[in-house]
Participant: 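Mind having a look at this structure? Questions to follow.
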Amino acid sequence: MKKILYILIGLVVVYLILCLCGASSVKVERSIQINASADMVRSKIVDLKFFHESWSPWTEKDPNMTVTYSGETGKEGNSMSWVSDNKEVGKGTMTYKGTHGDTIVESLYFDGQGEAQIFHIVSAEGTGGKVSWVMQNTVPFPFRAMMLFMNIDKMVRREQQTN
C-alpha cells in the first residue's frame, strides 16, 4: 500500500514540475494584405454581424447555428453569441472591447475553454491595408503541463486549412 502511495505522490510531483515548465501564455499571429483602406477594414472588423455573415469559420461549419447580437455595432460591449450542436463550433461569445490607435481589441470566449484576447492591428500599406490578427490567452497552472505537448500555432493552422 505504501508503494502505491509513493508512486501516486511521485506522479503528482512530476506533473507539478511539468506544469512549472509549461507555457503560461499562448500567442498566435497571422497577417494579410487587403486591397481596401484601413478605415474600411476597421469598420468591417468591429461589425460582428458582418463577421458572422462573411468571415466566420464557425458559420461555414454550421450555417444553422443560433446567433444573437447585443449592443450597438462598433460600440464597446457589442457582442455576438452563438450556440451550435456541432462540437467544433460549440457555444461562445465574441465581444468588441474597443479600439486603441490601430488596434481593435476583442475577447473570445468558448464555453468550457475560457477566454482569449483577440487583437486586430490594421495599418495602411501601399494602396490597401495590412491586417494582423493576434490571439493571446493565459494558461491556468493545472493545464500548463499539456502545453509541453501541444502546438497551438499548428492547431490554428490546421483549422484554417480545413475551412
Participant: Is the number of heavy atoms from other residues, nucleotides or ligands under 6.0 Å of Ile4 CD1 greater than 12?
Facilitator: no

Participant: If every non-hydrogen atom of Ser70 is compared with every non-hydrogen atom of Ser79, which pair is closest and at what distance?
Facilitator: OG-OG, 2.7 Å

Participant: Does any N or O in the side chain of Thr59 come within less than 3.5 Å of the main-chain N or O of Glu53, such that one atom is a donor and the other an acceptor?
Facilitator: no

Participant: Is Val28 reachable from Leu108 through a run of hydrophobic residues whose side-chain heavy atoms are each under 4.5 Å from the next?
Facilitator: yes

Participant: Please indicate whether Asn86 has more than 12 foreign heavy atoms, meaning atoms of other residues, nucleotides or ligands, lying under 6.0 Å from its CG.
Facilitator: yes

Participant: Would a single hydrophobic cluster contain both Met40 and Ile32, if residues Ile, Leu, Val, Met, Phe, Trp and Tyr are joined by side-chain heavy-atom contacts under 4.5 Å?
Facilitator: no

Participant: Using modelled atom types and a 3.5 Å cut-off, is there a donor and acceptor pairing between side-chain atoms of Tyr96 and backbone atoms of Ile45?
Facilitator: no

Participant: Salt bridge or not between Asp39 and Arg42? Use side-chain N to carboxylate O under 4.0 Å.
Facilitator: yes

Participant: In terms of ring plane angle, is the pair Phe51 and Trp58 parallel, tilted or perpendicular, where the classes change at 30° and 60°?
Facilitator: perpendicular

Participant: Please test Leu16 against Val12 for side-chain contact (heavy atoms from CB on, under 4.5 Å), starting from the C-alpha separation and ending with a verdict.
Facilitator: CA-CA 6 Å; Leu16 290 174; Val12 169; 4.0 Å; yes

Participant: Report the distance from atom CE of Met147 to atom SG of Cys21, rounding to the nearest 0.5 Å.
Facilitator: 14.0 Å

Participant: Between Met94 and His52, does the side-chain contact (heavy atoms from CB on, under 4.5 Å) criterion hold? Intermediate values first, please.
Facilitator: CA-CA 10 Å; Met94 181 183 289; His52 168 65; over 6 Å; no

Participant: Less than 4.5 Å apart, any side-chain heavy atom of His100 and any of Val105?
Facilitator: yes

Participant: Measure across Val139 and Ala23 and return the closest heavy-atom pair with its distance rounded to 0.1 Å.
Facilitator: CB-O, 3.6 Å

Participant: Do Glu72 and Asn78 make a side-chain contact, defined as non-hydrogen atoms from C-beta onward lying under 4.5 Å apart?
Facilitator: no

Participant: Write down the atom of Tyr15, the atom of Ala145, and the distance for their closest heavy-atom approach.
Facilitator: CE1-CB, 3.6 Å

Participant: Can you name the nearest heavy-atom pair linking Glu60 to Pro63, along with the distance?
Facilitator: O-CD, 4.0 Å

Participant: Nearest 0.5 Å, please: how far is CE in Met65 from OG in Ser56?
Facilitator: 4.5 Å

Participant: To the closest 0.5 Å, what do you measure between OG (Ser25) and CG (Asn137)?
Facilitator: 8.0 Å

Participant: Which atoms form the tightest heavy-atom contact between Ser132 and Ser31, and what is the distance?
Facilitator: OG-OG, 2.7 Å

Participant: Among Leu18, Ile17, Leu11, find the one that has a side-chain contact (heavy atoms from CB on, under 4.5 Å) with Val14.
Facilitator: Leu18

Participant: Kindly give the heavy-atom pair with the smallest separation between Val41 and Ala36, and that separation in Å.
Facilitator: CG2-CB, 4.1 Å

Participant: Give, for atom CG of Leu48 and atom CH2 of Trp55, the distance between the pair rounded to the nearest 0.5 Å.
Facilitator: 10.5 Å

Participant: Report the distance from atom CD of Glu106 to atom NZ of Lys97, rounding to the nearest 0.5 Å.
Facilitator: 10.5 Å

Participant: What's the separation between atom OG1 in Thr99 and atom CD in Glu76, rounded to the nearest 0.5 Å?
Facilitator: 7.5 Å

Participant: Going hydrophobic residue to hydrophobic residue with side-chain gaps under 4.5 angstrom, can you get from Val134 over to Val46?
Facilitator: no

Participant: Is it the case that one hydrophobic cluster holds both Phe143 and Val26, taking links as side-chain heavy atoms less than 4.5 Å apart, direct or via other members?
Facilitator: yes

Participant: Answer yes if Phe50 and Met80 sit in the same cluster of Ile, Leu, Val, Met, Phe, Trp and Tyr residues linked by side chain heavy atoms under 4.5 Å apart, and no otherwise.
Facilitator: yes

